[in-house]
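The structure appears below as structure tokens.
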Amino acid sequence: MSTVHQQDLKDRPARLTVGVVGAGRVGPALAASLQLAGHRPVAVSGVSDASRRRAETLLPGVPLVPPAEVLERADLVLLTVPDDVLPALVAGLAETGAVRPGQLLVHTSGRYGTKVLDPALRAGALPLALHPAMTFTGTPVDVQRLAGCSFGVTAPEELRLAAQALVIEMGGEPEWISEENRPLYHAALALGANHLVTLVAQSMELLRTAGVEAPDRMLGPLLGAALDNALRSGDAALTGPVARGDAGTVAAHITELSRHAPGTVAGYLAMARATADRALASGLLKPELAEDLLGVLADGADGDGTHGSGRADGDGTDGTNGTEGNDR
């Protein structure tokens with residue numbers, strides 16, 4: 001960074017005017033959080049009706065203007081657009097002269113670090129990557145959820161203090177992620193959070209099919225305990241028929257899923273194989289039981305959920321061991 005830009009940052013007022021380019025679920029919530037910290041949202045851009053409604057709800061009275069005008073009005077600009085849109089947006093803003101020297105330009109993509117902002121950096125902007133590790137609803141509850149939320153932060157060395165201050169002002173905790181590790185970091189979050197939503201939604205649908213009237217009430221305590229145990233103990237928290245090596249129970253699962261919800265079978269098999277690998281590596285799954293289990297999973301992948309074994313016809317499906325094992 002040049003000496004001029006360092007001086008710009010040093011002399012910047014403690015309170016900033018804030019603009020949002022992309023009024024999706026994230027941008028208005030972050031701007032509203034910064035407003036609570038004393039900064040002043042001055043402009044937001046949004047295209048869809050839903051984006052405009054979010055902006056009006058979370059940032060009442062803040063004018064909706066084109067992206068270039070957002071940059072014209074704001075000291076700090078939040079670029080909160082989809083990952084695949086971000087590079088072209090940054091390049092376009094830089095090429096059209098919308099970027100001002102000394103302007104803080106912040107994107108919230110988990111995938112990218114600050115290199116995606118290089119066109120704006122060449123135009124004099126100060127680049128930051130601040131990704132909140134949180135799922136957003138587009139409602140005021142998002143602002144509350146930022147309290148204690150970790151942010152994946154990538155910033156030039158000379159901007160680390162500024163990045164840290166902004167995250168803390170939003171109620172978050174900065175976690176420094178190197179440029180080269182951003183895609184891996186983001187993949188880890190997607191694996192844990194996005195796929196969890198899919199698994200829970202599938203589980204609720206299956207419970208309804210099984211006649212459960214309130215699947216959310218049934219799953220809430222179970223999933224809460226499983227998440228807490230996993231965060232505390234890692235692989236040692238694994239339970240259920242795969243970790244126990246109950247090949248017969250797993251075979252019954254595959255048969256029923258194939259009958260009632262065939263679209264869930266591939267995901268079940270993939271997660272069961274991954275669970276078996278981890279259970280074997282951690283010593284929870286005995287090698288002598290793993291062979292039948294892996295055979296059932298292989299047969300399931302081939303479209304045959306009726307792998308035969310002594311355990312498949314025995315205590316894995318007799319209604320007692322399978323039930324007791326749920327809390328082991």
Side-chain angles (χ1 to χ4, degrees), residues 24-26 28-29 48-51 53-54 57 80 82-84 108-111 131-146 149-150 152 185-235 237-243 246 249-279 296-297 300-301 303 305 322-323 325-327:
R25 297 182 181 185
V26 178
S48 69
D49 291 339
S51 294
R53 286 194 298 271
R54 276 191 291 267
T57 299
T80 52
D83 291 357
D84 289 350
T108 58
S109 166
R111 170 185 171 187
H131 175 254
M134 178 54 61
T135 182
F136 287 80
T137 64
T139 66
V141 71
D142 295 333
V143 180
Q144 302 169 23
R145 286 178 173 173
L146 288 174
C149 167
S150 292
Y185 150 81
H186 195 225
L189 294 180
L191 185 66
N194 303 153
H195 298 173
L196 175 63
V197 174
T198 300
L199 291 172
V200 173
Q202 288 181 340
S203 181
M204 288 200 295
E205 289 172 356
L206 291 167
L207 286 171
R208 289 190 190 98
T209 301
V212 175
E213 292 185 0
D216 54 341
R217 191 164 64 238
M218 177 175 282
L219 285 174
L222 172 64
L223 298 184
L227 177 60
D228 183 63
N229 290 343
L231 292 175
R232 291 173 182 270
S233 305
D235 288 333
L238 284 171
T239 62
V242 173
D246 286 341
T249 298
V250 172
H253 289 177
I254 296 169
T255 298
E256 290 304 300
L257 292 177
S258 299
R259 180 182 303 159
H260 295 287
T264 66
V265 173
Y268 179 95
L269 292 170
M271 291 304 299
R273 281 192 293 268
T275 300
D277 289 344
R278 300 191 73 90
V296 165
L297 296 177
T323 300
N326 286 339
D327 58 5

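Contact record, S109 with D83: OG-OD1, 2.9 Å, taken as the closest heavy-atom pair. Residues P241 and H253 approach most closely at CG-CE1, 3.8 Å, considering heavy atoms. The two residues G110 and Y185 have their closest heavy-atom pair at O-CD2, 3.8 Å. Shortest non-hydrogen contact noted between A243 and A279 is CA-CB, 4.1 Å. Minimum interatomic distance between L189 and A133 (heavy atoms only, all atoms of both residues): CD1-CB, 4.0 Å. Nearest heavy-atom pair across R208 and P215 is CG-CG, 3.7 Å.
Summarising the geometry, atom OG1 belonging to T209 is positioned 10.5 Å from atom CG belonging to L257; distances are rounded to the nearest 0.5 Å. Taking OG1 of T108 as the start and CE of M134 as the end, the distance is 14.0 Å to the nearest 0.5 Å. Between atom SG of residue C149 and atom CD of residue Q144 there is a gap of 13.5 Å, rounded to the nearest 0.5 Å. Atom OG1 of residue T239 and atom CG of residue N229 lie 8.0 Å apart, to the nearest 0.5 angstrom. Taking CG from D142 and CZ from R25, the interatomic distance works out to 8.5 Å, rounded to the nearest 0.5 Å. Summarising the geometry, atom OG1 belonging to T275 is positioned 9.5 Å from atom CG belonging to L297; distances are rounded to the nearest 0.5 Å.
The main-chain N or O of L199 is never found under 3.5 Å from a side-chain atom of S203 such that the two would form a donor-acceptor pair.
Within the 4.5 Å cutoff, side-chain heavy atoms of V141 are placed close to those of R145. Side-chain atoms of T57 and T139, non-hydrogen and from C-beta on, never get closer than 4.5 Å to each other.
Ion pairing between R259 and E256 holds under the 4.0 Å rule for side-chain N and carboxylate O.
R273 CZ: more than 12 foreign heavy atoms inside a 6.0 Å radius. Within 6.0 Å of CG in N194 there are more than 12 heavy atoms belonging to other residues, nucleotides or ligands.
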